[in-house]
There are 2 protein chains.
Amino acid sequence: MIYSSELIKGTLKTIVLKLLSDNKKMYGYEITQTVKEMTLDKIQITEGALYPTLHALEEEGLVTTETEYIGKRMRKYYSLSPTGKTRVKEKVKELASFMDTMTFLLDIKPKIA
Amino acid sequence: MIYSSELIKGTLKTIVLKLLSDNKKMYGYEITQTVKEMTLDKIQITEGALYPTLHALEEEGLVTTETEYIGKRMRKYYSLSPTGKTRVKEKVKELASFMDTMTFLLDIKPKIA
DNA sequence: TACAATGCATTGGTTTCTTATGTATCTTTG
DNA sequence: CAAAGATACATAAGAAACCAATGCATTGTA
């Protein structure tokens, strides 16, 4: 089962920031594969979604980049900036809190009519 | 604290369907107020988001409507159709499963480098 | 040598939400 | 009783975020 794409909306930035905070530096393709593996294929980040997100995070100053070459093939590594390190904690907290709220909402019992 | 709007994305339909499955029939304004109260103001569904969603659910055949008048003021009640009753269970399950996966992703420990 | 995998990226389109606006009625308060 | 706020519907223009498709190039594998 693959989650319908609408669910991913709004969580992608947080996922990326969290991965970067746990792994120091990662490149785009690595991020897609890591998420795919960790979620047993349930979350598949497409490149068309990932790269714009990474570029946006860079513009916001939350990540920095460095380019390496493996043979002739380019690799662009992304790392958290100091601002990014602060932000990731906030984002993860907010998402965790949101999920608590949603869990509550989904478990509600009928009103007494 | 109000959750950043991007988090709501993708969950609105599920929230609405779930509320309808617990309350038999509800009208738009009631839905916004119920969500606001239940989440202690943390989730505020705007009318500009809700009404298009309700209309879409109706077009998809997941909800049916009936109009009532309280004095001269209109109320449009929404109820789950049989299809809707089936769908809401799937949607809630999927969202619950997605949140499990996200919880796991957010708790991951650093890789051994 | 062809195909799959790795790795970057962009473009066009759709969905979904936000902000703003519009109309109208009912209730509360100074 | 007038004004303000709450109730109740709805749409329209625009932005944000994602998807599908595509493109280019290199490396590994059958």
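Order of the sequence lines fixes the chain letters, A, B, ..., with proteins taken first and strands second; residue numbering starts at 1 for each chain.
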Given atom [atom1] of [X] and atom [atom2] of [N], what is their separation to the nearest angstrom?
X	N	atom1	atom2	answer
B/K76	D/dA10	NZ	C1'	9 Å
B/E59	C/dT16	CD	P	12 Å
A/I8	D/dA20	CD1	P	12 Å
B/Y27	D/dT7	OH	P	8 Å
A/K36	C/dT6	NZ	C1'	14 Å
A/L57	D/dA16	CG	P	15 Å
A/H55	D/dC18	NE2	C1'	15 Å
A/K9	C/dT14	NZ	P	13 Å

Item to check | Along DNA chain D (nearest heavy atom to each residue), the more 5'-positioned of A/T53 and A/K72 | outcome: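 It is A/T53 whose nearest nucleotide is closer to the 5' end.
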Checklist entry - Quick one: on DNA chain D, does A/G71 or A/I45 contact a more 5' nucleotide (nearest heavy atom)? => result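 Residue closer to the 5' terminus by nearest nucleotide: A/I45.
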Item to check | Main-chain N/O of B/K9 paired with A/E6 side-chain donor or acceptor, under 3.5 Å | outcome: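 A pair under 3.5 Å: no.
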Counting the atoms with a prime plus P, OP1 and OP2 as sugar-phosphate, which does [X] contact under 4.0 Å by heavy atoms, base, sugar-phosphate, or nothing?
X	result
A/Y3	nothing
B/G28	sugar-phosphate
A/R73	base

Next on the checklist: Ignoring hydrogens and geometry beyond distance, is the side chain of A/E47 in donor-acceptor contact with the base of C/dC8 at under 3.5 Å?
Outcome noted: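 Counting by modelled atom types and ignoring angles, a donor-acceptor contact under 3.5 Å is found here.
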Next on the checklist: Ignoring hydrogens and geometry beyond distance, is a side-chain donor-acceptor pair present between A/S97 and B/Y3 at under 3.5 Å?
Outcome noted: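 Judged by distance alone, the side chains do pair up.
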Item to check | Heavy-atom pair with the smallest gap, counting every atom of A/K25 and A/E30 | outcome: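 The answer is O-OE1, 4.2 Å.
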Checklist entry - Where do A/T11 and B/M102 come nearest, in terms of heavy atoms and distance? => result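 Of all heavy-atom pairs spanning A/T11 and B/M102, the closest is CB-CE, 4.1 Å.
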Checklist entry - Considering only D/dA8, C/dG7, C/dT19, which nucleotide approaches the side chain of B/Y29 most closely? => result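 So the side chain of B/Y29 is nearest to D/dA8.
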Checklist entry - Of all the nucleotides listed (C/dC17, D/dC9, D/dA10), which has the minimum atom distance to the side chain of B/M74? => result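 Out of C/dC17, D/dC9, D/dA10, the nucleotide with an atom closest to B/M74's side chain is D/dC9.
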Item to check | N or O in side chain of A/Y51 less than 4.0 angstrom from C/dC8 OP1/OP2 | outcome: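 It does, given that an N or O in the side chain of A/Y51 lies less than 4.0 Å from OP1 or OP2 of C/dC8.
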Item to check | Distance in Å, A/L54 CG paired with A/L20 CG, rounded so as to fall on 0.5 Å steps | outcome: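 Spacing of CG (A/L54) from CG (A/L20) equals 7.5 Å.
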